[in-house]
Number of protein chains: 2
Amino acid sequence: MQRTSFARMQCSLARGLDVIGDGWTLLILRDLFLGLDRFDDLVANLGISRNLLTRRLTLLVDNGIVERRAYTRRPLRHAYGLSPAGADLVPAILALTAWGERWARPAEGSPMIFIHETCGQPFEAKVCCSACGGRIEAGAVRVLPGPGGAAKPGTMVLARRLHERAEADNDKKIKGEGTA
Amino acid sequence: MQRTSFARMQCSLARGLDVIGDGWTLLILRDLFLGLDRFDDLVANLGISRNLLTRRLTLLVDNGIVERRAYTRRPLRHAYGLSPAGADLVPAILALTAWGERWARPAEGSPMIFIHETCGQPFEAKVCCSACGGRIEAGAVRVLPGPGGAAKPGTMVLARRLHERAEADNDKKIKGEGTA
DNA sequence: CTATTTAGTTCCCTCATTGAACTCAATGCC
DNA sequence: GGCATTGAGTTCAATGAGGGAACTAAATAG
């Protein structure tokens, strides 16, 4: 059957994954970022079937993540590149890559090194807090229910749980204050 | 046909994506992070088929990203949670979520708000340089060929191109110095 | 005028995803 | 005790997405 679409989920992650949530797409975007811009280069580098690459590229173009430009008419030939939305995804791809480096590094060593041109240093991507700049770790993130109440698939149970938990926290606080 | 395995690619991103590179997996991990830990909660929240959830969870447990613990024997019941590798993936998931917020936010608003407990502020994940701490943007990243030379699928063409480009840069520099 | 290159398209086959029904053990409830 | 419900899966048939390979189209190289 057709894979369930995430587009209707009230969740930014799911809506993002609806487009980029498959094995090939992030690899394609990485290759485009790294400078491969031709159909056959992508086929050769990734080993993806031509068939599927066509479909993925079309989907990415339709969703504004990739831009297709004709680099020659007669014969019509296209090259591909990242759109602003695609380029904005690169940091997240680097964060995933850094995770892969930590937990699934190839035995032979990494095939590439990233240099941050702003400071000139080799780097690994780390994920930071937009407020304080400190590194984000799973244990130090609390989640509150947001404005989008969400009775849609993707966050139904979750939204309810978050509210329950928030209320439980409140109760605890009130009780704690009462008895302390 | 079975999806091509990325496990043999000499690329940390691909090897990571071999496990987490499908639509559901990151959503499952997000839900585990957010506190859903029971099979039926995941089914209800995501709308994933029970069948598939079983397979995905097994795969994630086998790959050390999710931990399964029996919270009751007789009848045997399991709860699921993130392993250290899984928890370490959360920041990258938040970076992807932030991208989704910027480019595919649901009209109703976000269903949740993230608080960084270290500083107490609501935040968006941003991806930073491990060397200078500055925000990473696609345009300010240069890529050099790394120690893993890579004649394997996944980076074959890429490694060659990176070397060519590095050499071309050198040539240019030498010529530039010669004629300047 | 034949071979090669580039960018796809077409075809078929297989397997992954889906939805729905079914299992099994325990617990709640009357 | 008997009956319905819950939790955590397993089994099953149908279908469509991913995969391989061959084919097409338009130009250029030799």
Side-chain angles (χ1 to χ4, degrees), chain A residues 1-6 8-9 14 17-28 31-32 36-62 66-81 153-154 157 161, chain B residues 1-6 8-9 14 17-28 31-32 36-62 66-81 153-154 157 161:
Chain A
M1 271 206 178
Q2 195 169 212
R3 201 195 64 184
T4 314
S5 167
F6 300 155
R8 301 210 47 93
M9 287 192 185
L17 288 176
D18 196 47
V19 182
I20 59 162
D22 81 286
W24 289 114
T25 299
L26 288 180
L27 291 179
I28 295 170
D31 276 14
L32 292 176
L36 298 187
D37 62 348
R38 309 281 271 267
F39 189 90
D40 276 22
D41 284 345
L42 294 170
V43 170
N45 192 56
L46 295 174
I48 187 175
S49 72
R50 320 175 69 74
N51 172 354
L52 184 52
L53 179 58
T54 302
R55 289 211 291 271
R56 280 286 162 279
L57 284 173
T58 305
L59 188 71
L60 288 168
V61 169
D62 289 350
V66 165
E67 283 166 356
R68 186 199 323 252
R69 62 180 187 287
Y71 68 90
T72 202
R73 324 198 141 272
R74 317 200 39 76
L76 186 56
R77 293 284 159 75
H78 294 113
Y80 297 89
V157 177
R161 288 294 163 90
Chain B
M1 275 213 175
Q2 195 169 214
R3 201 195 64 186
T4 314
S5 167
F6 298 156
R8 301 211 47 96
M9 288 191 185
L17 288 176
D18 196 47
V19 182
I20 60 163
D22 81 285
W24 289 115
T25 298
L26 287 181
L27 292 179
I28 294 169
D31 276 15
L32 292 177
L36 298 187
D37 61 348
R38 309 281 271 265
F39 189 91
D40 275 22
D41 284 345
L42 294 170
V43 169
N45 192 56
L46 295 173
I48 188 176
S49 73
R50 322 174 67 71
N51 177 351
L52 185 53
L53 179 57
T54 301
R55 288 213 292 274
R56 281 284 163 281
L57 285 174
T58 305
L59 188 71
L60 289 168
V61 169
D62 289 350
V66 165
E67 284 166 358
R68 186 201 319 255
R69 64 180 183 288
Y71 67 92
T72 203
R73 321 196 143 274
R74 315 203 38 80
L76 187 56
R77 292 286 158 72
H78 295 114
Y80 297 89
V157 177
R161 289 293 165 90

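All heavy atoms count here, side chains included; hydrogens, waters and symmetry mates do not. Residue numbers begin at 1 in each chain, while the letters A, B, ... track the order of the sequences. Computed from a predicted model, the values in this text were never measured in an experiment.
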K.L.:
Quick one: is B/Arg50 getting a side-chain N or O under 4.0 Å of the D/dT11 phosphate, OP1 or OP2?
P.N.:
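Answer no for this pair, as no side-chain N or O of B/Arg50 is under 4.0 Å from OP1 or OP2.
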
K.L.:
Is there a donor N/O on one and an acceptor N/O on the other, under 3.5 Å, for the side chain of B/Asn51 and the base of C/dG19?
P.N.:
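Donor-acceptor pair under 3.5 Å: yes.
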
K.L.:
Within the pair B/Tyr71 and D/dA8, is there a side-chain N or O less than 4.0 Å away from OP1 or OP2?
P.N.:
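Yes, because at least one side-chain N or O of B/Tyr71 sits under 4.0 Å from OP1 or OP2 of D/dA8.
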
K.L.:
Can you sort out the partners of B/Val43 under side chain to side chain contact (heavy atoms under 4.5 Å, CB included), two or more places apart, ordered by chain and number?
P.N.:
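Side chain to side chain contact (heavy atoms under 4.5 Å, CB included) list for B/Val43, sorted by chain: B/Phe39, B/Arg50, B/Leu53.
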
K.L.:
It should be established whether A/Thr54 places a side-chain nitrogen or oxygen under 4.0 Å from OP1 or OP2 of nucleotide C/dA7.
P.N.:
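A/Thr54 to C/dA7 OP1/OP2: no side-chain N or O under 4.0 Å.
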
K.L.:
Kindly say whether, by distance alone, the side chain of B/Arg38 makes a donor-acceptor pair under 3.5 Å with the base of D/dG7?
P.N.:
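When only heavy-atom distances are counted, B/Arg38 does not reach the base of D/dG7 through any donor-acceptor pair under 3.5 Å.
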
K.L.:
Residues two or more places apart in sequence or in another chain: which of them pass side chain to side chain donor-acceptor pair (under 3.5 Å) with B/Asn51?
P.N.:
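B/Asn51 satisfies side chain to side chain donor-acceptor pair (under 3.5 Å) with B/Arg55 only.
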
K.L.:
Tell me whether the OP1 or OP2 atom of C/dG8 has a side-chain N or O from A/Tyr80 closer than 4.0 Å.
P.N.:
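Yes, because at least one side-chain N or O of A/Tyr80 sits under 4.0 Å from OP1 or OP2 of C/dG8.
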
K.L.:
B/Arg77: which residues meet the side chain to side chain donor-acceptor pair (under 3.5 Å) condition with it, sequence neighbours left out?
P.N.:
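Side chain to side chain donor-acceptor pair (under 3.5 Å) check on B/Arg77 returns nothing, list empty.
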
K.L.:
When we call it a touch if two heavy atoms are under 4.0 Å apart, what does A/Thr4 touch: a base, just sugar-phosphate, or nothing?
P.N.:
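Sugar-phosphate, backbone atoms only, no base.
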
K.L.:
Using a cut-off of strictly less than 4.0 Å, decide whether A/Trp24 has a side-chain nitrogen or oxygen near OP1 or OP2 of D/dA17.
P.N.:
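Result: no.
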
K.L.:
Between A/Phe39 (CZ) and D/dA25 (P), how many Å, whole number?
P.N.:
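It is 17 Å, rounded to the nearest whole Å.
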
K.L.:
Given B/Asp62 and B/Arg68, is the salt bridge (charged side-chain N to carboxylate O under 4.0 Å, His left out) satisfied, shown in steps?
P.N.:
CA-CA 10 Å; B/Asp62 289 350; B/Arg68 186 201 319 255; 5.8 Å; no

K.L.:
Taking side chain to side chain donor-acceptor pair (under 3.5 Å) as the definition, give me every residue that meets it alongside B/Arg38, ordered by chain and number, with sequence neighbours left out.
P.N.:
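Checked B/Arg38 against side chain to side chain donor-acceptor pair (under 3.5 Å); matches are B/Tyr71.
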
K.L.:
Check the interface with nucleotides 23-26 of chain C: list each N/O to N/O pair with the protein under 3.5 Å, or write none.
P.N.:
unit_1, atom_1, unit_2, atom_2, d
C/dA26, OP1, B/Arg74, NE, 3.4
C/dA26, OP1, B/Arg74, NH2, 2.7

K.L.:
Run the side chain to side chain donor-acceptor pair (under 3.5 Å) test against A/Thr25 and tell me which residues pass, sequence neighbours left out.
P.N.:
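For A/Thr25, the residues satisfying side chain to side chain donor-acceptor pair (under 3.5 Å) (neighbours in sequence not counted) are A/Asp22.
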
